[in-house]
Number of protein chains: 2
Amino acid sequence: MPHELRRPERTFTIRQLCLEFKCTPRALRFYEDKGLLSPARQGLNRVYSYKDRARLQLILRGKRVNLSLAEIREILDLYDKRDGGASQNATALRKFRERIVTLEQQREDLDQAINLLKTSCQAIEDQLSHTRPDLLAEAEQPAAPPTTHRVGQRHPEHVR
Amino acid sequence: MPHELRRPERTFTIRQLCLEFKCTPRALRFYEDKGLLSPARQGLNRVYSYKDRARLQLILRGKRVNLSLAEIREILDLYDKRDGGASQNATALRKFRERIVTLEQQREDLDQAINLLKTSCQAIEDQLSHTRPDLLAEAEQPAAPPTTHRVGQRHPEHVR
DNA sequence: ACCGTCGTTGACGTTGACGTAAGCGATGAG
DNA sequence: CTCATCGCTTACGTCAACGTCAACGACGGT
């Protein structure tokens with residue numbers, strides 16, 4: 001069976017993943033250090049598989065919702081080790097449930113925060129439209145391409 | 001006018017607020033240091049008003065949705081200082097709008113994460129119900145009062 | 001032969017948000 | 001009176017999550 005199943009065979013260099021997911025090599029190596037990733041090697045060079053890519057995606061998602069790397073690691077570990085260790089799974093189940101609760105709590109907070117900010121914006125707009133309509137117009141522009149903000153807002157590793 | 005308007009007059013000690021909101025005195029003092037709170041004093045002792053309590057609530061909410069203390073401060077400042085400084089307000093407006101965008105993005109992620117965890121739970125349950133229904137039952141209990149998790153999971157300042 | 005680019009491995013620096021320890025004053029219980 | 005408890009301040013320690021820097025090897029191009 002020579003060349004079937006081509007797709008999942010694709011591999012990635014560290015740079016490719018970094019570009020795709022807007023992170024730095026340093027970060028990927030760091031995740032590896034912490035046991036979140038373990039790409040193959042060709043000589044010394046890291047070679048990331050599709051599965052590695054998927055893991056990375058999960059890592060970043062996790063980060064965005066405020067999970068620590070340690071927590072993400074737990075989840076990840078559990079995910080590809082769904083074999084033996086039923087009791088492991090049981091405790092994991094509890095953890096997951098707890099996590100869901102706190103995440104839903106967070107969703108609450110998030111909604112409230114969004115509303116708060118929105119009404120604040122409205123208030124400011126109203127006030128400005130009375131006093132300085134010019135500034136109001138000026139504030140319309142996003143001023144920059146959508147800042148990812150918070151997590152991963154700075155990028156470099158050789159920005160000079 | 002002796003004893004009317006009793007409710008909003010209530011004040012709190014640092015310890016009371018800490019107990020209520022599950023944080024440490026150290027944290028409150030820290031927030032004060034950073035200009036997020038400025039309780040009154042009786043001698044040296046801090047006396048927190050209802051408004052201070054409200055601010056604290058906002059601070060913690062902010063933290064839970066991943067705002068930095070600096071960002072929270074901006075919001076707070078803006079909120080009780082809605083007077084002059086129109087141009088200040090204009091730039092704040094832009095910032096707020098950006099923030100809203102990223103928060104809504106976060107909400108997306110959060111929903112996805114929740115779904116992921118929920119389906120994971122379902123999978124584990126299914127598997128367990130085949131192999132070890134006993135453990136499944138055991139996992140039902142929350143095991144502990146709802147862990148606040150993430151931010152402020154450790155509490156002390158003299159746990160010895 | 002030399003440069004630039006991409007990759008590697010340490011090792012140290014940094015930032016935010018507190019924790020922890022030391023030392024002291026005021027107050028109420030035994 | 002002594003002790004514990006609550007509070008205060010100042011100062012240093014810590015932890016996560018990388019950034020930054022140095023020094024090196026393997027390439028492709030000119």
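In the text below, chain A, chain B and the rest are named by the order of the sequence lines, each starting its count at 1.
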N/O contacts under 3.5 Å, protein versus nucleotides 3-7 of chain D?
from  : atom 1 : to      : atom 2 : distance (Å)
D:dG7 : OP1    : B:Thr13 : OG1    : 2.9
D:dG7 : OP1    : B:Arg15 : N      : 3.4
D:dG7 : OP2    : B:Arg15 : NE     : 2.4
D:dG7 : OP2    : B:Arg15 : NH2    : 2.9

For this session: Take the protein atom CD of A:Glu32 and the nucleotide atom C1' of C:dG10, then report the distance between them rounded to whole Å.
Result: 14 Å
For this session: Kindly point out which of C:dT9, C:dG19, C:dA17 is positioned nearest to the side chain of A:Arg41?
Result: C:dT9
Exercise. Any side-chain N or O of B:Thr24 less than 4.0 Å from the OP1 or OP2 oxygen of C:dC18?
Worked result: no
Seminar exercise, completed: salt bridge (Lys or Arg N to Asp or Glu O under 4.0 Å) filter on A:Glu108, not counting sequence neighbours, yields none
Exercise. What is the distance from CZ of B:Phe30 to P of D:dC8, rounded to the nearest Å?
Worked result: 16 Å
Problem set entry | Any residue meeting side-chain contact (heavy atoms from CB on, under 4.5 Å) with B:Ser49, in chain and number order, not counting sequence neighbours | B:Lys51, B:Asp52
Seminar exercise, completed: Here the distance between atom C1' of C:dT8 and atom CG of A:Asp33, to the nearest Å, is 13 Å
For this session: Measure the distance from OH on A:Tyr31 to P on D:dA16 and round it to the nearest whole Å.
Result: 14 Å
For this session: Please state how far atom CG in A:Leu28 lies from atom C1' in C:dC6, giving the value in whole angstrom units.
Result: 14 Å
For this session: Please state how far atom CZ in A:Phe12 lies from atom P in C:dC6, giving the value in whole angstrom units.
Result: 18 Å
For this session: Could you tell me which residues satisfy side-chain contact (heavy atoms from CB on, under 4.5 Å) with B:Thr13, sequence neighbours excluded, listed by chain and number?
Result: B:Arg15, B:Gln16
For this session: Send over the distance from A:Leu67 CG to D:dA16 P, rounded to a whole Å.
Result: 16 Å
For this session: Answer with yes or no whether the hydrophobic clustering places A:Leu19 together with A:Val47; edges join I, L, V, M, F, W, Y residues whose side-chain heavy atoms lie under 4.5 Å apart.
Result: no
Exercise. D:dA17 C1' sits how many Å from A:Lys63 NZ, rounded?
Worked result: 6 Å
Problem set entry | salt bridge (Lys or Arg N to Asp or Glu O under 4.0 Å) partners for B:Arg61, two or more places apart | none
Exercise. A:Asp111: what forms a side-chain contact (heavy atoms from CB on, under 4.5 Å) with it, not counting sequence neighbours?
Worked result: A:Arg107, B:Arg107
